[in-house]
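Here is the structure we will look at, set down as structure tokens.
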2 protein chains.
Amino acid sequence: MKKRANLRDVAQRAGVSVATVSRVMNTPARVSPDTRNRVEAAMSDLRFTPSAAARAINTGRTQTVAALLPTLANSTFARFADGLEARLGAFGLSLVVATTGEDPEVELARARQMLNIGAEAIIVTGASQSADFRAFVERHMVPTVSVSLFQQDAWLPTIGYDNQKAVLLALDHLMQLGHHKIAVVHGPHGHNDRTRIRLEALKQAEVAANGALTFRYFEAPFSVQGGSEAAARLLAQRGDETAVLAFTDVLAGGVIHRLHSLGLKVPQDFSVVGMEDLPSSASLYPPLTTVHLPVRRMGEQAAEALAQWLDNGIRPDHQELPIELAARSSSVARQT
Amino acid sequence: MKKRANLRDVAQRAGVSVATVSRVMNTPARVSPDTRNRVEAAMSDLRFTPSAAARAINTGRTQTVAALLPTLANSTFARFADGLEARLGAFGLSLVVATTGEDPEVELARARQMLNIGAEAIIVTGASQSADFRAFVERHMVPTVSVSLFQQDAWLPTIGYDNQKAVLLALDHLMQLGHHKIAVVHGPHGHNDRTRIRLEALKQAEVAANGALTFRYFEAPFSVQGGSEAAARLLAQRGDETAVLAFTDVLAGGVIHRLHSLGLKVPQDFSVVGMEDLPSSASLYPPLTTVHLPVRRMGEQAAEALAQWLDNGIRPDHQELPIELAARSSSVARQT
DNA sequence: CTGAAAGCGCTAACAA
DNA sequence: TTGTTAGCGCTTTCAG
């Protein structure tokens, strides 16, 4: 068994120097067509595959960027990754993804792994990483940006939307429709600062409304199933809520599903509003009113920010992405 | 500005040799606790970050695997990637993803890029890559597997489900319910062999039924919008179809949505069956009857197959994943 | 347990 | 246009 051919083997077979072979790969214009052909022939004869590692050690670049995401099994993160990857590709960069399950320890371990394989930059979700994670990033001075939120005072450059605005957009919509007793369905917030920010915004609004607004909170796993269970709990101990505000469309979908199967109607019995705007949300039954979050665009902007950072060494600014309410049929004026 | 510290710098500062520093990183047990501490101190003093490239050039491994997917903005591929990534991680491997948009030229270009950054293995979708792609893989002898179908005579090891069985599962279900005039909604099949296989299976069934079964085919883009347009065309020139068989749940969702908005009822006016079983399909209205395809599991198995291939050099066998019909409420017996 | 030294495969001056 | 050569940063024998 013979090992992989290297530059020397190719050079020898083509009767040229290694430098020439290298030039054929990198600056073919500077090699005479004649020798170039000989070299290329030798390459394919020997099934030559250049070593990425050897190249990287010389150029100092791996052309690789890492994204640390809670999961890919969620349309929002997947579409983000899709936009990110597409745009990175335009800069000649490749995307390596690692999922963390929103576990800070895993997140740190994955970040380590990403540097071990040569990632030049990192993208993380949210801005509330562990102190260890922060120390890690600072120690290795690896360009890192945070996505899914926009927060001027975050420790990393953030590229995302204002989660407070987002939830208030949904809330205002419901209030304008006359709803003031609202069930809030949200995911676990232990390690999720987007959820925390949204909850906080709601609590402030409740206080500011001075009694004119009341919420009942239901925490559930981030899944259709979770939303469904939350709705079950809501009805098991039914209050006088007339609307449901879910922090994600997936949860909203679960809520609606359970409401239907318990014989209730949306929006007649409950107005339901989500957040995210999944591609499928417009074709739910009824079409879901939700806050549109431009996640694909977020991926593209993150790609550009990172590509430039790697290029010119200048840390990017925070970037806020516009959000808007997508009013559809799952919400109507309160029945009086 | 001083450049990144390397092994020599660390060795010098700790008063040891580079070999010792290397051991601290790779086989810490073989270094006395005392010197180990000195070395670690030196490392953090100098903010030492080992060079992945240098390591890779010596070990000959990059611990990186590439997946070439049509897109990530589709729950099925995203969940596949999620399972793949999670399982690869267990083997210490990282996943780099590249999207191809189902364009063979892009696919080849991306494969090149993946080798350029050092991917040790490649995962592709389907088994009908271009001749150039095939030549590329063979020339570089990079371990490559194909997913989303199971096909014994494919040029690559395939890990997936039998698409013929899958579509027949859906068809049999409809036939058992008494439907024999069926609208088939499918995506473009130019570069998609899974779609071609399914169409072929249907055509054979039609012939075999000898007149007792008729299909009308509607091609549409792989999106909710596409499904919706297909339904519009179906109704614009309405035949006597009583059921719709869609090749993906996304298309089925679009069909149902349009049917509803045109005042028709599912399943009363049309039974609708999909294929995929997205997490959201069970909470559509009505819950969608569909063929369950275990895509996450497929990702896990692909990861294992590749990890072993890289480990022992033995090309894996084809692997068939089980599929089953998920009968829900969108399909009922034909109204007579 | 530790060190010296020989590469790994390639790029990039610098020469010719 | 082409060749020579000195590394890049690390791992890994082989000695001690």
Side-chain angles (χ1 to χ4, degrees), chain A residues 2-43 46-64 115-120 140-142, chain B residues 2-40 42-43 46-64 92 115-120 140-142:
Chain A
K2 49 192 69 169
K3 34 180 279 239
R4 236 173 84 179
N6 61 22
L7 262 204
R8 285 241 290 279
D9 302 327
V10 175
Q12 195 159 35
R13 183 171 234 271
V16 298
S17 72
V18 292
T20 300
V21 180
S22 177
R23 285 189 199 104
V24 170
M25 300 177 19
N26 302 306
T27 53
R30 285 184 206 163
V31 180
S32 77
D34 187 45
T35 55
R36 195 195 309 154
N37 288 335
R38 285 215 319 285
V39 170
E40 280 168 348
M43 284 179 162
L46 298 174
R47 315 174 131 241
F48 172 69
T49 306
S51 155
R55 171 173 299 155
I57 208 180
N58 282 291
T59 61
R61 299 219 38 187
T62 58
Q63 311 282 41
T64 289
L115 282 205
N116 276 337
I117 64 164
E120 297 186 52
H140 296 285
M141 295 181 292
V142 49
Chain B
K2 49 190 70 172
K3 34 181 277 244
R4 235 172 84 178
N6 61 22
L7 263 203
R8 285 240 290 279
D9 301 327
V10 175
Q12 195 159 35
R13 184 172 235 271
V16 298
S17 71
V18 293
T20 299
V21 180
S22 177
R23 285 188 199 103
V24 169
M25 299 176 17
N26 302 304
T27 53
R30 286 183 204 162
V31 180
S32 77
D34 187 45
T35 55
R36 195 195 311 155
N37 288 335
R38 284 217 317 286
V39 171
E40 280 168 348
M43 283 179 162
L46 298 174
R47 313 171 134 244
F48 172 69
T49 307
S51 153
R55 170 172 297 156
I57 208 180
N58 282 292
T59 61
R61 299 219 39 186
T62 58
Q63 312 281 40
T64 289
L115 282 206
N116 276 339
I117 64 164
E120 298 186 53
H140 295 284
M141 296 180 294
V142 49

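Chain naming here is simple, since letters A, B, ... match the order of the sequence lines and numbering starts at 1 in each.
In terms of heavy-atom proximity, B:R55 sits nearest to B:P50 at NH2-CB, 4.1 Å.
A 4.5 Å side-chain heavy-atom check between B:T64 and B:E120 finds every atom pair outside the cut-off. Residues A:R13 and A:V39 have side chains not in contact (no heavy-atom distance under 4.5 Å, counting atoms from C-beta outward). Side-chain contact between B:S22 and B:M25: absent, with no pair of heavy atoms (C-beta onward) separated by less than 4.5 Å.
OP1 or OP2 of C:dC1 has not a single side-chain nitrogen or oxygen of B:T35 nearer than 4.0 Å. Between A:S17 and D:dT2 there is no side-chain N or O to OP1 or OP2 distance below 4.0 Å.
Atom CZ in B:R38 sits roughly 14 Å away from atom P in C:dC1 (whole-Å rounding). Going from atom CE of B:M43 over to atom C1' of D:dG9 covers 13 Å, rounded to whole Å.
Annotation: B:R47, atom CZ; neighbour count of heavy atoms from other residues, nucleotides and ligands within 6.0 Å is above 12. By the neighbour-count criterion of 12 heavy atoms within 6.0 Å, atom CD of B:E40 is densely surrounded, having more than that number from other residues, nucleotides or ligands.
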Treating primed atoms plus P, OP1 and OP2 as sugar-phosphate and everything else as base, which nucleotides of nucleotides 8-13 of chain C get B, S or - for protein heavy atoms under 4.0 Å? BBBBBB
